[in-house]
Participant: 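Mind looking over this structure? Questions follow.
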Amino acid sequence: MWLCLAALVGLFYLLRWFRERQVVSHLRDKYVFITGCDSGFGNLLARQLDLRGLRVLAGCLTEKGAEQLRIQTSDRVETVILDVTKTESIAEATQWVKERVGDAGLWGLVNNAGISMPVGPNEWMTKQDFVKVLDVNLLGLIEVTLSLLSLVRKARGRVVNVSSIMGRLSFFGGGYCISKYGVEAFSDSLRRELSHFGVKVVMIEPGYFKTNVTNKEILSRTIQKLWDQANTEVKEFYGKKYLASYIRGTEDMEKMCSADLLLVTDCMEHALTACHPRTRYSAGWDAKLLYIPMSYMPTFLVDAMIYWKSTQLRKAI
């Protein structure tokens, strides 16, 4: 019995491997629009797809980021300034994309732009602290998608949304985890709606990687700023020992981060170039072996694991 079960599992993975190896034809004729290409995953993906021969339309927040990307890539890569929090900027970028793709439509939309700060204890924050992150990571992603969806539908292409393992497990306060839970929900509903039209919607769920999102200096400054803006009652309740422990925790978190961003961009590339992409890609061994399994565990067990892992914070209380 066990031998038959092992054979069936092996056959399943063999068939899946064969299916996922099939590549979309005429890649050099296809356009992909990526947001957040100044640095990190978006910048690396733009360069990676350029080497693959696709026509890349890269949205950058700054002219400096756009110029650096143009220097690093071929003339197949074109850049546009895009602030995903501003409707006017999205409208201008949408028109720019329409002029370039023409009747071919847009094969791929990669919603990569994102920020993490501020993160910290929820009680230290204001509504505006949450809004700042949600505007970029969720509302900006939704508006960009809705603006370009007709072009993706015309090409019967793909929407690739960058979520996170924090879209499955909420480890800290602030807008980041909330925004990624929202990305998961939006992507699920969009995938089901667009499946009738041949459009595929994919989520990338990275674990911890070394980008600006996980930079310990930026995180430490942000947490200190949150502490400074908190009212007297909150400061007295938590105390400076808690603040110091929280900051040390962010420094420890950076040690867990992988520097191999290709683990993420390879998932993105596969989602755009494979005939049969996956619905979700778990990028990084921490995501595959720890955080994704944790997301299926009973809540009380996950809470207990996180509680006992937070040794420094417990000692500071």
Side-chain angles (χ1 to χ4, degrees), residues 23-115 136-137 140-162 199-202 204 211-213 261-262 264-274 277:
V23 179
V24 172
S25 60
H26 307 298
L27 285 177
R28 288 183 172 271
D29 300 328
K30 298 189 184 304
Y31 287 86
V32 175
F33 182 66
I34 311 166
T35 67
C37 291
D38 299 73
S39 62
F41 301 137
N43 183 277
L44 179 58
L45 179 64
R47 290 184 278 125
Q48 198 168 323
L49 295 183
D50 179 39
L51 292 174
R52 193 74 187 268
L54 282 85
R55 304 192 68 86
V56 178
L57 306 175
C60 298
L61 182 61
T62 66
E63 183 53 50
K64 180 182 177 182
E67 184 179 354
Q68 288 177 343
L69 182 59
R70 287 195 296 269
I71 291 170
Q72 296 173 311
T73 53
S74 73
D75 57 5
R76 283 189 303 274
V77 176
E78 299 181 71
T79 61
V80 63
I81 301 303
L82 172 64
D83 183 341
V84 300
T85 66
K86 294 185 173 136
T87 297
E88 321 83 68
S89 180
I90 293 173
E92 289 172 6
T94 298
Q95 185 57 39
W96 178 84
V97 172
K98 283 180 180 177
E99 291 169 358
R100 276 144 186 82
V101 304
D103 293 334
L106 183 64
W107 172 253
L109 166 61
V110 182
N111 282 306
N112 166 74
I115 60 173
V136 178
N137 294 4
L141 177 149
I142 290 171
E143 187 169 8
V144 169
T145 302
L146 296 180
S147 298
L148 291 167
L149 207 49
S150 62
L151 296 177
V152 177
R153 197 170 58 246
K154 182 182 287 186
R156 296 172 69 86
R158 282 95 191 268
V159 177
V160 180
N161 291 330
V162 179
V199 175
K200 300 182 188 302
V201 179
V202 175
I204 311 294
T211 67
N212 287 336
V213 168
L261 303 190
L262 280 170
V264 178
T265 56
D266 282 349
C267 292
M268 295 173 172
E269 181 182 342
H270 187 270
L272 292 163
T273 60

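Throughout, numbering of the chain's residues begins at 1 and tracks the sequence.
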Participant: When rounded to the nearest 0.5 angstrom, what is the spacing between OG1 in T265 and CG in L45?
Facilitator: 6.5 Å
Participant: Give, for atom CG of L141 and atom OG1 of T35, the distance between the pair rounded to the nearest 0.5 Å.
Facilitator: 7.0 Å
Participant: How long is the straight-line distance from NZ of K86 back to CD1 of I81, given to the nearest 0.5 Å?
Facilitator: 12.0 Å
Participant: If I take atom SG from residue C267 and atom CG from residue L262, how far apart are they, to the nearest 0.5 angstrom?
Facilitator: 10.5 Å
Participant: Nearest heavy-atom pair of T79 and A66: which atoms, and what distance?
Facilitator: OG1-CB, 3.7 Å
Participant: Output all residues satisfying salt bridge (Lys or Arg N to Asp or Glu O under 4.0 Å) with E63, sequence neighbours left out; order by chain, then residue number.
Facilitator: R70
Participant: Verify, without hydrogens or angle tests, whether N137 (side chain) and I115 (backbone) share a donor-acceptor contact under 3.5 angstrom.
Facilitator: yes
Participant: Enter the distance from L261:CG to D266:CG here, rounded to the nearest 0.5 Å.
Facilitator: 10.5 Å
Participant: Any salt bridge (Lys or Arg N to Asp or Glu O under 4.0 Å) pairs touching residues 24-34, not counting sequence neighbours?
Facilitator: none
Participant: Using every non-hydrogen atom in the two residues, find where A46 and C37 come nearest and quote the distance to one decimal.
Facilitator: CB-SG, 4.4 Å
Participant: Which residues pass the side-chain hydrogen bond (donor to acceptor under 3.5 Å, both in side chains) test with T145, sequence neighbours left out?
Facilitator: N111
Participant: Enumerate donor-acceptor pairs with a distance under 3.5 Å from any side-chain N or O in residues 93-108 to protein atoms, sequence neighbours excluded.
Facilitator:
{"from": "T94", "atom 1": "OG1", "to": "I90", "atom 2": "O", "distance (Å)": "2.8"}
{"from": "R100", "atom 1": "NE", "to": "E78", "atom 2": "OE1", "distance (Å)": "2.9"}
{"from": "R100", "atom 1": "NH1", "to": "W96", "atom 2": "O", "distance (Å)": "3.1"}
{"from": "W107", "atom 1": "NE1", "to": "L272", "atom 2": "O", "distance (Å)": "2.8"}

Participant: With rounding to the nearest 0.5 angstrom, report the CG to CG distance, N161 to L109.
Facilitator: 7.0 Å
Participant: If you look only at pairs with a residue in residues 148-157, which of them pass as a side chain to side chain donor-acceptor pair (under 3.5 Å), with sequence neighbours excluded?
Facilitator: none
Participant: Hey, does I34 have a side-chain heavy atom less than 4.5 Å from the side chain of L49?
Facilitator: yes
Participant: Pick one: which of L151, V152, L82, V110 meets side chain to side chain contact (heavy atoms under 4.5 Å, CB included) with F33?
Facilitator: L82
Participant: Going by heavy atoms in the side chains, are V80 and L57 under 4.5 Å from each other?
Facilitator: no
Participant: Go through the structure and list residues passing side-chain hydrogen bond (donor to acceptor under 3.5 Å, both in side chains) with E269, not counting sequence neighbours.
Facilitator: Q48, R52
Participant: Would you sort out whether I204 and N112 count as a side chain to side chain contact (heavy atoms under 4.5 Å, CB included), showing the intermediate values?
Facilitator: CA-CA 10 Å; I204 311 294; N112 166 74; over 6 Å; no
Participant: Could you report the tightest heavy-atom contact between A274 and P277, atom names first, then the distance?
Facilitator: O-CD, 3.6 Å
Participant: On a heavy-atom basis, which atom in V84 and which in A113 lie closest, and how many Å separate them?
Facilitator: CG1-CB, 4.3 Å
Participant: Check side-chain hydrogen bond (donor to acceptor under 3.5 Å, both in side chains) between T273 and all other residues, then give those that pass, not counting sequence neighbours.
Facilitator: none
Participant: For the residue pair A271 and V160, what are the closest heavy atoms and their distance?
Facilitator: CB-CG2, 4.0 Å
Participant: Measuring only between side-chain heavy atoms, which start at C-beta, is N43 closer than 4.5 Å to L69?
Facilitator: yes
Participant: Not counting sequence neighbours, list each pair that qualifies as a salt bridge (Lys or Arg N to Asp or Glu O under 4.0 Å) and has a residue in residues 34-50.
Facilitator: D50-R76
